[in-house]
Amino acid sequence: MYRLEPELFNLNYTLDCGQVFRWEKEGDWWTGVVGNNVIRLSQEKESGQLLIDSELPPEFFSRYLRFDDDLSSIYVSINRDLLIDRAINKYKGLRLIRQDPWECLISYMLATASSIPTIQKRICLLSQFLGQELEDGYFSFPDPETLANADLSLLDRCKLGFRADRIKTAAEEVCSGELDFDALFRLEYKYARERLMRLRGIGEKVADCVLLFAFEKMESFPVDTHVRQIIQHYHIDDSYFETCSNLSCMGDWGREYFGHYCGYAQEYLYYQKRIEGFVSLY
DNA sequence: GACCAGGACCAGA
DNA sequence: TCTGGTCATGGT
């Protein structure tokens, strides 16, 4: 066990905001599976020090928790109105997480039209049935080969519904090399998005989540039900939507409005809405 | 029992 | 190009 002293970081917001699905909190400690590691994290209230119970080195966590992002500068760049200003101040220290591309891809494919607890349950079942047990009750996320070769009857027991055959097909593409993660990293946002959306089961929203959380595309702006409701409820930049009102337009709007780090803005707005609903700005 | 959840997709207009 | 219905599942 050791400590880090990250600047401008809040562990609870970061792990609770809905970007990752494999962390659970008990008392002051979070336990999660990352790769083949079971990790325990906690943060001291007064000092802000991060307590790490893991064999992995500090560099791993600096990377995973994106300590290389200059949050202060990002806040300045995305702070466009009272709503985002409130979210930034209320949830200060929330950082995006650098997720594993494979796990992130499958996780968001099976997240469509589902609540977060349901998503967590599906991933938990999938790992129990097809992953490896790392320690009591904690399983690794299944690798592409295992998922590609899995029986649909087994996937059905993971309560995936209509998503089952889609993630199996995606796994097959990853195994064959047809879907190349290295290539996605190199592609610029727009083209990486088009490539992901060629997969059945991936639309604009899922593609944006995967690109934002696993492929370094900060200019992704996932428009889910919460973000859509926010834009409509607060009538933010209403004139923009006079000519178009669909979800695709909302994504384009977010990119223009918040700039390069709109992905961060989205995450703050999303979390604020999920936790507090429509907040008053007076 | 209707409605919603980190939606995607298709048919029909 | 845009809209409505449909697809499973679990929680409120």
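Computed from a prediction, not measured in an experiment: that's the story for all the values here. A note on names: the letters A, B, ... follow the listed sequences, proteins ahead of strands, and every chain is numbered from 1.
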What integer distance in Å separates [X]:[atom1] from [N]:[atom2]?
X: A:Arg228; N: C:dT3; atom1: CZ; atom2: P; result: 13 Å
X: A:Tyr108; N: B:dA5; atom1: OH; atom2: C1'; result: 14 Å
X: A:Leu196; N: B:dG7; atom1: CG; atom2: P; result: 17 Å
X: A:Leu155; N: C:dA8; atom1: CG; atom2: P; result: 15 Å
X: A:Asp156; N: C:dC7; atom1: CG; atom2: C1'; result: 14 Å
X: A:Leu126; N: C:dT9; atom1: CG; atom2: P; result: 15 Å

field: Parallel, tilted or perpendicular: rings of A:Phe258 and A:Phe221 (30°, 60°)
entry: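 A:Phe221 and A:Phe258: parallel rings.
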message: Quick check with a 6.0 Å cut-off and a 45 degree axis cone: is A:Arg95 positioned over the face of A:Phe9's six-membered ring?
response: no
field: Pairwise C1' distance, C:dC2 and B:dA5 [rounded to whole Å]
entry: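 It comes out at 24 Å once rounded to the nearest Å.
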field: Separation of the C1' atoms in C:dG10 and B:dC9, to the nearest angstrom
entry: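 Straight-line distance between the two C1' atoms is 22 Å.
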message: For A:Ile106, run the side chain to side chain contact (heavy atoms under 4.5 Å, CB included) check against A:Ile123, A:Val174, A:Leu126 and tell me which one passes.
response: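 Answer after filtering A:Ile123, A:Val174, A:Leu126: A:Leu126.
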- prompt: Does B:dA2 have a Watson-Crick or wobble mate here (both distances under 3.5 Å), and if so which one?
  reply: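 Answer to the pairing question: C:dT12, which forms a Watson-Crick or G-U pair with B:dA2.
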message: My understanding is that a pair needs two contacts under 3.5 Å, Watson-Crick or G-U wobble. By that rule, which nucleotide pairs with B:dC10?
response: C:dG4
field: A:Ser115 vs A:Asn246, nearer the 5' end of DNA chain C by closest nucleotide
entry: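 So the residue in question is A:Asn246.
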task: State plainly whether the residues A:Arg228 and A:Glu204 are in salt-bridge range, i.e. N to O under 4.0 Å.
output: no
- prompt: So, are A:Arg3 and A:Glu44 salt-bridged, with charged N and O less than 4.0 Å apart?
  reply: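 Salt bridge: yes.
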statement: Per-nucleotide protein contact along nucleotides 8-13 of chain B, 5' to 3', at a 4.0 Å heavy-atom cut-off (B base, S sugar-phosphate only, - neither), is SSS---
message: C:dG11, OP1 or OP2 - any side-chain N/O from A:Gln120 closer than 4.0 Å?
response: no
- prompt: Hey, does the side chain of A:Thr225 come within less than 4.0 Å of B:dA5's phosphate (OP1/OP2), counting only N and O?
  reply: yes
- request: Quick one: label A:Ile116 by what it contacts on the DNA or RNA (base, sugar-phosphate, nothing), any heavy atom closer than 4.0 Å.
  value: sugar-phosphate
- prompt: How is A:Phe213 classified with respect to the nucleic acid when contacts are heavy atoms under 4.0 Å: base, sugar-phosphate, or nothing?
  reply: base
statement: Note: A:Lys273 and A:Ile230 closest approach over all heavy atoms is CB-CD1, 3.6 Å
query: Okay, side chain of A:Ser140, backbone of A:Gln132: is any donor-acceptor separation there less than 3.5 Å?
result: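 Yes, because the side chain of A:Ser140 sits within donor-acceptor range (under 3.5 Å) of the backbone of A:Gln132.
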